[in-house]
Amino acid sequence: MNYVEYMQRAISSADAFKYTAKPNPVVGAILVKGNQIISEGAHEKFGSSHAEINAIEKAKEKIGVTFTSFEELTLICTLEPCSHHGKTGPCADAIIKEGIKKVIIGSEDPNPLVSGKGIKKLIDNDVIVEFGVCANEVKEQNKHFFYKYENGKPYITVKIASSADGKSHKKNNERTLITSVQSREDVQIVRADYDAILTGGNTLIDDNPQMNARVSFPVNQAKKILLSNKENIPNNYKFFHNADVEILKERNIHKIISHLHNSSINSILVEAGPRLVNAFLMSGLVDEIIIYTSPNEIGNDGVNWFEKEITVENFGFTLESTYKIESDTKLIYKKC
């Protein structure tokens, strides 16, 4: 039997929960009997049941009607079933307990707690296992999750808004709205895709930003990280409202990212002023830069994003895509 079509369907169904499953990966699962789909499941929300469990529970409603035993069924799941106790029990144990005898897996899980262990447990309990079906699609769907474990650090994106003459804000620190309403709405969707949003103390004090994803769909709001050595910062800033905030005084970017690697954070969006943005770029740890550029200039009373003659290409980035958003331009650069 060709399982590619079923795997692609499972990948598609999982995609609906990309903003609510994070920082966990999105996972889809399908139980089939021959060419008949018995049930489908997805990991819908962080901390809730995994895709395999949801598919199994839905199938139980049909036992004795469309099938008599789980031994008749094949499980197709996009990611290797977990074998450890986390917020939920091991999916591999549930599969074995129900008597499923064949499992088709999209990709191995890169997390060392799982990687290969779920597959081994299934095989050791006489379950036939095939894996690698649509593996690249599964990895792309969970690119931040895979990136973290394959590269030993979270995926880091710097997002800036720039005037046409390369300015960040006015020298008097007056709050400056550079880009259009439509660009600022696009930023909300970008934020929704990240596990953490990081800023600095000067941006917090000068702009009093919320830095949450104000979108029309359900989303697990990103953890917020404030880098500041300022003492006694009052918690009445919008940044702290209804948010999980971590304050770090460490100024060494490598140490900060090393610390965050040991958390559940797979991706970080840096939204800060020129000093902190340049510190991140100089660290060599940034993977992507998003620049929203306005057609309007700020002029001589503005603060430059970069020193003269310095461009993002000097930091090893190449332009990947360009989009028009009303009168603005959105530029996406990736590390060469």
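Just so you know, these numbers use all the heavy atoms, side chains as well, and skip hydrogens, waters and symmetry mates.
Ser162 is not listed as a side-chain neighbour of Ile178, based on a closest heavy-atom distance of 4.5 Å or more. Between Val32 and Ile38 the shortest side-chain heavy-atom distance does not fall below 4.5 Å. Considering only heavy atoms from C-beta on, Ile63 stays 4.5 Å or farther from Thr68 through its side chain. You'll find the side chain of Ser264 reaches within 4.5 Å of the side chain of Pro23, heavy atoms only. Residues Lys238 and Pro209 have side chains not in contact (no heavy-atom distance under 4.5 Å, counting atoms from C-beta outward). Taking 4.5 Å as the limit, every side-chain heavy atom of Glu297 sits out of range of all side-chain heavy atoms of Ser163. The closest side-chain heavy-atom distance from Asp93 to Lys121 is below 4.5 Å. Side-chain contact check for Phe17 versus Lys45: every heavy-atom pair is 4.5 Å or farther apart.
Under the 3.5 Å distance criterion, with hydrogens and angles disregarded, a donor-acceptor pair is assigned to the side chains of Thr157 and Tyr194. In this structure, a donor-acceptor pair under 3.5 Å is present between the side chains of Tyr155 and Glu288. In this model, a donor atom of one side chain and an acceptor atom of the other lie less than 3.5 Å apart for Tyr147 and Lys153. Checked by atom type, the side-chain pair His144/Asp195 shows no donor-acceptor distance below 3.5 Å. Between the side chains of Glu246 and His259, at least one donor N or O lies within less than 3.5 Å of an accepting N or O. Of the N and O atoms on the side chains of Ser12 and Gln8, not one donor lies less than 3.5 Å from an acceptor on the other residue.
Of the options Asn202, Ile197, Thr203, a side chain to side chain contact (heavy atoms under 4.5 Å, CB included) to Thr199 is made by Thr203 and by none of the others.
A continuous path of hydrophobic side-chain contacts links Val133 to Ile30 [ILVMFWY only; heavy atoms under 4.5 Å]. Hydrophobic clustering (side-chain heavy atoms under 4.5 Å, transitive across Ile, Leu, Val, Met, Phe, Trp, Tyr) groups Ile325 together with Val190. One hydrophobic cluster, built from ILVMFWY side chains closer than 4.5 Å, cannot hold both Phe240 and Leu198; they sit in different ones. In this structure, Phe131 is a member of the same hydrophobic cluster as Val103, with clusters built from ILVMFWY side-chain heavy atoms closer than 4.5 Å.
Nearest approach of Ile96 to Leu122, heavy atoms of both residues: CG1-CD2, 4.0 Å. Scanning all heavy atoms of the two residues, the minimum distance from Leu269 to Lys159 falls at CD1-CB, 3.8 Å. Considering all non-hydrogen atoms of both residues, Ala213 and Gln188 come closest at CB-O, 3.5 Å. The two residues Ile105 and Pro81 come nearest to each other via the heavy atoms CD1-CD, 3.7 Å. Between Val138 and Gly106 the shortest heavy-atom distance is CG2-CA, 4.2 Å. Nearest heavy-atom pair, Ser39 versus Ala59, reported as atom, atom and distance to 0.1 Å: OG-CB, 3.5 Å.
Residue Asn242 qualifies as open at atom CG: its count of foreign heavy atoms under 6.0 Å is 12 or below. With a 6.0 Å radius and a threshold of 12 heavy atoms from other residues, nucleotides or ligands, Lys249 has its NZ atom above the threshold. Atom CD of Glu326 sits in a sparse spot, with 12 or fewer heavy atoms from other residues, nucleotides or ligands closer than 6.0 Å. Counting heavy atoms of neighbouring residues, nucleotides and ligands inside a 6.0 Å radius, atom CD of Glu307 does not exceed 12 of them. Within 6.0 Å of CZ on Arg275 lie no more than 12 heavy atoms contributed by other residues, nucleotides or ligands. Counting non-hydrogen atoms of other residues, nucleotides and ligands closer than 6.0 Å to CZ of Phe67 gives a total above 12. Residue-environment remark: CG (Asn300) stays at or below the threshold of 12 foreign heavy atoms within 6.0 Å.
Atom CD of Glu313 and atom CD1 of Ile289 lie 8.5 Å apart (nearest 0.5 Å). Note that the CG atom of Leu177 and the OG atom of Ser294 stand 11.0 Å from one another [nearest 0.5 Å]. Rounded to the nearest 0.5 Å, atoms CG (Leu75) and CZ (Phe70) are 10.0 Å apart.
Comment: Asp109 does not engage Lys117 in a salt bridge, judged by the lack of any side-chain N to carboxylate O separation of less than 4.0 angstrom. No salt bridge links Lys335 with Asp287; every basic N to acidic carboxylate O contact stays at or beyond 4.0 Å. For the pair Lys101 and Glu71, the salt-bridge criterion is not met [side-chain N within less than 4.0 Å of a carboxylate O]. Taking the charged nitrogens against the carboxylate oxygens, Arg191 and Glu271 do have a contact shorter than 4.0 Å, which makes a salt bridge.
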Inset, instruction - Give the intermediate values and the outcome of side chain to side chain contact (heavy atoms under 4.5 Å, CB included) for residues Ile310 and Trp305. - result: CA-CA 9 Å; Ile310 297 294; Trp305 272 111; over 6 Å; no

Inset, instruction - List the steps and the verdict of side-chain hydrogen bond (donor to acceptor under 3.5 Å, both in side chains) for Asp186 and Ser183. - result: CA-CA 5 Å; Asp186 189 74; Ser183 287; over 6 Å; no

Inset, instruction - Mind running side chain to side chain contact (heavy atoms under 4.5 Å, CB included) on Tyr333 and Thr318 for me, showing each step along the way? - result: CA-CA 5 Å; Tyr333 293 84; Thr318 186; 5.8 Å; no

Inset, instruction - Run the numbers on Phe306 and Asn278 for side chain to side chain contact (heavy atoms under 4.5 Å, CB included), then give the verdict. - result: CA-CA 7 Å; Phe306 307 111; Asn278 279 272; 3.4 Å; yes

Inset, instruction - Apply side chain to side chain contact (heavy atoms under 4.5 Å, CB included) to the pair Thr329 and Thr322, showing each step before the final yes or no. - result: CA-CA 7 Å; Thr329 304; Thr322 304; 3.5 Å; yes

Legend entry - Criterion side-chain hydrogen bond (donor to acceptor under 3.5 Å, both in side chains) on Asp328 and Ser180, from CA distance to verdict: CA-CA 7 Å; Asp328 299 332; Ser180 66; 2.8 Å; yes

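Annotation: cation-pi pair Lys224/Phe239 present, NZ/CZ under 6.0 Å from the ring centroid and within 45° of its normal.
Ala14 pairs by the side-chain contact (heavy atoms from CB on, under 4.5 Å) definition with Val26, Gln141, not counting sequence neighbours.
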